[in-house]
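Since the structure comes first, as structure tokens, the remarks are kept for the end.
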There are 2 protein chains.
Amino acid sequence: MANLQISSRFTMAIHIFACIDTFEKDHKITSEFLAESGNVNPVIIRRLLGQLKAAGLIEVKRGSGGASIAKPLENITFLDVYRAVDCVENGELFHFHENPNRKCPVGRNIHRVLDEKLRRVQEAMEREMEQITLADVIRDTRECIQSDPAN
Amino acid sequence: MANLQISSRFTMAIHIFACIDTFEKDHKITSEFLAESGNVNPVIIRRLLGQLKAAGLIEVKRGSGGASIAKPLENITFLDVYRAVDCVENGELFHFHENPNRKCPVGRNIHRVLDEKLRRVQEAMEREMEQITLADVIRDTRECIQSDPAN
DNA sequence: CAGAATTGTAACCGTTGACATTACATTATG
DNA sequence: CATAATGTAATGTCAACGGTTACAATTCTG
């Protein structure tokens, strides 16, 4: 009876940015390279890069290969990434049961009653996502790596 | 490339409460009756009622039949209902990619970096859900029904 | 107390989306 | 041109959802 979550595409996308920032000095950032760090198939990475590119967050070179970050890190928020990778249907976090009975006064009005409330919840979440940027992620990643005894 | 949302179990559960409040004076509230208003199969309703009962939000009479609301409406929040119907795996809104490469400094640390930030986002959403109660829903439902020309 | 109504659940189905994988056309570069 | 990469289509597996049938367990009523 357990259920669904926001796709791992989102966390994987953040992972990609962290990798690019960490390694772009020393490696060419190919889908192969990113796939190894994330432990997923390169095609998964390419599809994600495609979405991030379409959103203007990443640049990818065909042929020669290599991905890079298209904007200053502090100008990319979690919300930007979340929207880019298209985690929820139509941008709607909540799924409505489709066909309430229109002959029932409640069935006929439930949508109107709930929509505004569900929007409030979704907006609260999105507002928080706007407060967190990739600069925060990179700062903490560097810190973690530096204090990591395995290095 | 479109994706998933929080289960319609959540909105259907709210619908159930609205129905009970609206009709309990005039009808016995059976799973059959609720199924008709929501336009779903009675078994779907029974499963939901089971979850809401387990959470102490609803009382259901076996045999004789009939569901009723177990607590004052203003003491039941969206978060209570959301948790009751178990919409996300382990209560975690975000799904992590499972096996980042532990040989990679980023793969090894990404979880530590993101967990706290994802929790912030989830908490923002849950805080908002705590602010909305079934009393709000019922108030607006009554209002909608009264101003509904179809009545 | 027998019959009717209802709940609780198990079992199974079809559909959908996620993630995985293979394959290959396309593109850039030395 | 040969090489290395990206972009993408096609296909497969798996899990969860919502749907449905079936039926035992429970309660009430005549």
Side-chain angles (χ1 to χ4, degrees), chain A residues 1-13 15-16 20 24 27-36 38-54 58-68 85-90 92-100, chain B residues 1-13 15-16 20 27-36 38-55 58-68 85-90 92-100:
Chain A
M1 185 81 68
N3 309 311
L4 292 178
Q5 301 170 296
I6 288 173
S7 168
S8 66
R9 278 206 302 283
F10 175 67
T11 53
M12 185 59 78
H15 185 139
I16 287 175
I20 296 178
E24 68 186 345
H27 299 69
K28 180 163 67 165
I29 307 294
T30 65
S31 60
E32 188 79 38
F33 178 80
L34 292 168
E36 191 151 340
N39 203 23
V40 293
N41 192 287
V43 176
I44 303 292
I45 299 289
R46 284 183 219 147
R47 290 202 273 244
L48 268 174
L49 287 175
Q51 293 184 296
L52 296 170
K53 184 169 121 179
I58 287 271
E59 278 156 7
V60 184
K61 285 211 198 75
R62 283 204 78 160
S64 57
S68 56
V85 302
D86 192 24
C87 280
V88 296
E89 180 92 27
N90 287 340
E92 302 272 334
L93 182 59
F94 293 93
H95 180 48
F96 231 100
H97 49 295
E98 288 307 327
N99 301 306
Chain B
M1 187 83 67
N3 309 310
L4 291 178
Q5 302 169 295
I6 289 173
S7 167
S8 65
R9 279 204 303 282
F10 176 67
T11 52
M12 184 59 78
H15 185 140
I16 286 174
I20 297 178
H27 299 69
K28 179 163 69 163
I29 308 294
T30 65
S31 62
E32 189 79 37
F33 177 81
L34 292 168
E36 193 151 338
N39 202 23
V40 293
N41 191 287
V43 175
I44 304 293
I45 299 289
R46 284 182 219 149
R47 290 202 272 240
L48 268 174
L49 287 176
Q51 293 185 296
L52 296 170
K53 184 169 120 180
I58 287 270
E59 277 157 10
V60 185
K61 284 210 200 77
R62 283 203 79 158
S64 56
S68 56
V85 301
D86 193 22
C87 280
V88 295
E89 180 91 28
N90 288 339
E92 303 271 334
L93 182 58
F94 293 93
H95 180 47
F96 230 100
H97 49 296
E98 288 307 326
N99 301 304

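Every chain is numbered from 1, with letters handed out A, B, ... down the list of sequences. Every heavy atom of this structure was used, including side-chain atoms; hydrogens, water molecules and symmetry mates were not.
Residue B:V60 is in sugar-phosphate contact alone, with no base atom involved, counting any heavy-atom pair closer than 4.0 Å across all strands shown.
When base pairs are accepted only as Watson-Crick or G-U wobble with both N-N or N-O distances under 3.5 Å, DNA chain C takes part in stems of 3 or more pairs at C:1-30 with D:1-30.
The distance from the CD1 atom of B:I20 to the CG atom of B:L34 is 6.0 Å, given to the nearest 0.5 Å. To the nearest 0.5 Å, the span separating CZ on B:R9 from CD1 on B:I16 amounts to 11.5 Å. Remark: A:L48 CG to A:S8 OG distance equals 8.0 Å, nearest 0.5 Å. Annotation: the span from A:H15 atom NE2 to A:I45 atom CD1 amounts to 7.5 Å, rounded to 0.5 Å. Here A:I58 contributes atom CD1 and A:Q51 contributes atom CD; the two are 12.0 Å apart, rounded to the nearest 0.5 Å. In this structure, B:H95 NE2 and A:M12 CE are separated by 9.5 Å, a value rounded to the nearest 0.5 Å.
Nearest to the side chain of A:V40, among C:dA20, C:dA23, C:dT6, sits C:dA20. Considering only side-chain atoms of B:T30, the nucleotide from C:dT6, C:dT21, C:dG8 that sits closest is C:dT6. Comparing atom distances between the B:I44 side chain and each of C:dT6, D:dG7, D:dT20 picks out D:dT20 as nearest.
Nucleotide D:dA4 holds its P atom 19 Å from the CG atom of A:L34, rounded to whole Å. When the C1' atom of D:dA4 is taken as reference, atom CD1 of A:I29 falls 16 Å away, rounded to whole Å. To the nearest angstrom, P of D:dG18 lies 9 Å from CE of B:M12. Atom-to-atom, NE2 of A:H97 to C1' of D:dG19 comes out at 16 Å; the value is rounded to the nearest Å. Rounded to an integer number of Å, the gap from CG of A:N41 to P of D:dT13 is 16 Å. For the pair B:L48 CG and C:dG8 C1', the interatomic distance rounds to 14 Å; values are reported in whole Å. Between A:N39 atom CG and C:dT21 atom P the separation is 10 Å, expressed in whole Å. Summarising the geometry, the separation between CD1 on B:I58 and P on C:dT7 is reported as 12 Å, rounded to the nearest angstrom.
For B:S8, a side-chain nitrogen or oxygen approaches OP1 or OP2 of D:dG18 to under 4.0 Å. Remark: A:K53 is in phosphate contact with D:dG7, judged by side-chain N or O atoms under 4.0 Å from OP1 or OP2. The phosphate of C:dC19 (OP1 or OP2) has a side-chain N or O of A:S7 nearer than 4.0 angstrom. Phosphate proximity of D:dG18 to B:R9: present, with a side-chain N or O under 4.0 Å from OP1 or OP2.
Residue order along DNA chain D, read from the 5' end via each residue's closest nucleotide, puts A:E32 first among A:E32 and B:P42.
A distance-only check finds a donor-acceptor pair linking the side chain of A:K28 to the backbone of A:S64 [under 3.5 Å].
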Produce the list of close N/O pairs, under 3.5 Å, pairing protein atoms with atoms of nucleotides 23-30 of chain D; give distances to one decimal.
residue : atom : partner : partner atom : Å
D:dA25  : N3   : B:R62   : NH2          : 3.4

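Counting distance only, with no hydrogens placed and no angle test, the side-chain atoms of B:R47 and the base atoms of C:dA10 include no donor-acceptor pair under 3.5 Å.
Heavy atoms only, all atoms of each residue included: A:P42 and A:S31 are closest at O-CB, 4.0 Å. The two residues B:H27 and B:F33 come nearest to each other via the heavy atoms CD2-CE1, 3.5 Å.
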